[in-house]
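Contents: one structure, followed by commentary.
Every chain is numbered from 1, with letters handed out A, B, ... down the list of sequences. Just the heavy atoms: all of them, side chains too, but no hydrogens, waters or symmetry mates, feed the values below.
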Amino acid sequence: MKVLILKKRRDFIRAAKGYKSIVSGLILQAAQSLSAPHKPLSDDICYIGYTATKKIGKAHLRNRAKRRLRAAAAKVFPQFARARTDYVLIARYNTVDIEFAALVENLRRALERVNADMAAHAAKAVS
RNA sequence: CACGGCAGCCGGAUAGCUGCGCGUCGGCUUUGCCCGACGUGAGGAAAGUCCGGGCUUCGGAGAGGCAAAACACCAGGUAACGUCUGGCGGGAGCAAUCCUAGGGAAAGUGCCACAGAAAACAAACCGCCGGAAUUUUCCGGUAAGGCUGAAAAGGCGAGGUAAGAGCUCACCGCAAAACCGGCAACGGUUUUGGCAGGGUAAACCCUGUUUGAUGCAAGACCAAGUUAGGAGAAUGCAAGUGCAGAGCUUGCUUUGCAGACUGCGUUGUAUGGAAUGCCUUUCUUCCGCUCCAGAGGUAGGUCGCGACGAGUUGUUUGGCGACAGACAACCCAGAUGAAUAGCUAUCGUUCUGCUUUGGCAGAAUACAGAACCCGGCUUAUAGGCUGCCUGAAAG
RNA sequence: GGUCCCAUCGUCUAAUGGUUAGGACAUCACCCUUUCACGGUGGUAAUAUGGGUUCGAGUCCCGUUGGGAUCA
């Protein structure tokens, strides 16, 4: 599973209106990918974007939060992510302070929950 | 010893595992958003965006004037500016040292609340003195004393006088001149004058100096796609309107002028318009010019954009210094939902507790993240190091 | 990344460089009423912050902090 970077504001807004899971340290949002120029789709590609608002702190703290999220995602996503999906990770007030192992575990559980919701919705649409 | 002063520096280290951006080179049984190797990868403030410049576009930023803004002791340094450097004057401190937007109020205008007799042409409330009057008061002299206030036509002492006064004198202050020192600001000495005159210019202002605007979302190129015009201005012609004149047929014709409207054209070399605060002007250039509406659309890619530079480091020369010169070596982040990291271990530093003085345990380890690039300023900053100086006490 | 603007009681606001920074709503106490509301009287409460100019600063000048707007 290849994980590519999500860049367009439009995709972030769509993910915010989709499925959501809140855990300690981060918020995970997800939505079905839409095809667009410069954004190819296939069965082994998903997209991920990171958000850290001014609530987190000054610039170096926001950078640090995004880095920890990126490191955690690198451990979890190749194994558990769904293809053809846009994911958005949002940093929370404790993203910088929480233990890294807990952050990874929370991300894994959030990802499982969101994937289950999306699978159930898809099955219902098919039936 | 000091919660005294100044100047400068550092801003944790090592190892392992897993990773990221960029560059170079290589690989091909997937020419890829692929794989591998090597190299390289945040700061003293990268921050605030407060000044100044490079660079960019506005046709060339040329000339003159106006407006607006900034600055204002002297000398120096710089690409330029500055709260830069060195001095001078003023202020604070026992001192080292620190602070200081510091031209002009003898060009003009304004303002100076309350209080006070009086707040700026000088005047005279109480008082003092002389005279008239003898009780209140009136006339004259005076500005030493008094209350007010941030500020009241120099301070203090002596002489002098009816009482007083730079009226006179000594000292201090002030002003002018001469001489001396200094590039200068200015300082010092001497002599003379005999008191000139309130404050405020970070109030208007005057004088001098400087400044065109823009700000990498600048700007250049490539690719793709959509659209509908209208109004105004200038000018030509035509018809109609108003005013004036002429003609006789007395309500028609004709001529001239006027500015607005309507219609049809034109905008060419002319007219006109434009060149970024406004006006004028010069050369050159461009074109129709100005305004309103409409369509598409939240925006792709490449360059600008990384080093040949006001470059970095070191040595050295000159200078009190800011800084300048010479020589040598080096090439050193370049992203764009944005890399420079995540985790672990050991050590270092500081603090606290215990202690067998060997250590052990715990906690803390700052401020903060490049986005075109430089020079300053300002603000944030755990902890630490170095040098010089001042004061006090003791030897 | 750049360019601009603003800041006065809890809220909305006023102010010529000159008394103790005024007013309305809100709030607190008291009065009125059987009680509540209305009404009346009185009180609490602010110049974002640090300097400078001035005799005197909310006002003038400089820095800082916080908030907001805008860009093709």
For [N], give the paired nucleotide (Watson-Crick: N1-N3 plus N6-O4 or O6-N4; G-U: N1-O2 and O6-N3; both under 3.5 Å), or none.
| N | value |
| --- | --- |
| B:rU29 | none |
| B:rU209 | B:rA70 |
| B:rC261 | none |
| B:rC388 | B:rG5 |
| B:rA133 | none |
| C:rA57 | none |
| B:rG108 | B:rC204 |
| B:rC195 | B:rG173 |

Taking the [atom1] atom of each, how far is [N] from [M], in whole Å?
| N | M | atom1 | value |
| --- | --- | --- | --- |
| B:rG187 | B:rC74 | C1' | 14 Å |
| B:rU379 | C:rG66 | P | 15 Å |
| C:rC62 | C:rC6 | P | 13 Å |
| B:rG11 | B:rG44 | C1' | 9 Å |
| B:rC308 | B:rC374 | C1' | 16 Å |
| B:rU200 | B:rC98 | C1' | 29 Å |
| B:rG104 | B:rU83 | C1' | 25 Å |
| B:rG306 | B:rC372 | P | 13 Å |

Rounded to the nearest angstrom, tell me the gap between atom [atom1] in [X] and atom [atom2] in [N].
| X | N | atom1 | atom2 | answer |
| --- | --- | --- | --- | --- |
| A:Y47 | B:rC33 | OH | P | 11 Å |
| A:L61 | B:rC367 | CG | C1' | 11 Å |
| A:K58 | B:rA46 | NZ | C1' | 13 Å |
| A:K66 | B:rG342 | NZ | P | 15 Å |
| A:F77 | B:rU18 | CZ | C1' | 18 Å |
| A:Y50 | B:rG337 | OH | P | 14 Å |
| A:D86 | B:rG337 | CG | C1' | 13 Å |

Going by the glycosidic torsion and a 90 degree boundary from 0, is the base of [N] oriented syn or anti?
| N | value |
| --- | --- |
| B:rG198 | anti |
| B:rA326 | anti |
| B:rG44 | syn |
| B:rG358 | syn |
| B:rC171 | anti |

Reckon [X] has a side-chain N or O less than 4.0 Å from the OP1 or OP2 of [N]?
| X | N | result |
| --- | --- | --- |
| A:R67 | B:rG369 | no |
| A:H60 | B:rG369 | yes |
| A:R70 | B:rG337 | no |

Any sub-3.5 Å donor-acceptor pair from [X]'s side-chain atoms to [Y]'s backbone N or O?
| X | Y | answer |
| --- | --- | --- |
| A:T85 | A:Q32 | no |
| A:N115 | A:F80 | yes |
| A:Y87 | A:R82 | yes |

**OP:** Please tell me which of A:T51 and A:A71 maps to the more 5' nucleotide of RNA chain B, matching each residue to the nucleotide holding its nearest heavy atom.
**Re:**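 Taking each residue's closest nucleotide, the earlier one in sequence belongs to A:T51.
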
**OP:** With RNA chain B as reference, determine whether A:A52 or A:N63 sits nearer its 5' end, using the nearest nucleotide of each.
**Re:**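 The residue closer to the strand's 5' end, by nearest nucleotide, is A:A52.
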
**OP:** Would you please test A:K75 and A:L107 for side-chain contact (heavy atoms from CB on, under 4.5 Å) and show each step?
**Re:** CA-CA 10 Å; A:K75 280 186 185 299; A:L107 175 61; over 6 Å; no

**OP:** May I ask you to decide whether A:E105 forms a salt bridge with A:R108, counting only side-chain N to carboxylate O separations under 4.0 Å?
**Re:**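 A salt bridge links A:E105 with A:R108.
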
Need one value for [X]: base, sugar-phosphate or nothing, where a base atom within 4.0 Å counts as base even if backbone is also close, heavy atoms only.
| X | value |
| --- | --- |
| A:R64 | sugar-phosphate |
| A:R68 | sugar-phosphate |
| A:F100 | sugar-phosphate |
| A:A74 | nothing |
| A:K75 | nothing |

**OP:** Would you name the heavy atoms of A:A73 and A:I48 that are closest together and state the gap between them?
**Re:**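 Of all heavy-atom pairs spanning A:A73 and A:I48, the closest is CB-CD1, 3.8 Å.
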
Subject >> Distance-minimising heavy-atom pair for A:F12 and A:G49 >> reply: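 Scanning both residues completely, I find the closest heavy atoms to be CZ-CA, 3.9 Å.
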
Subject >> Side chains of A:L89 and A:L28 in contact at under 4.5 Å (non-hydrogen atoms) >> reply: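 Contact flag for A:L89/A:L28 side chains = yes.
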
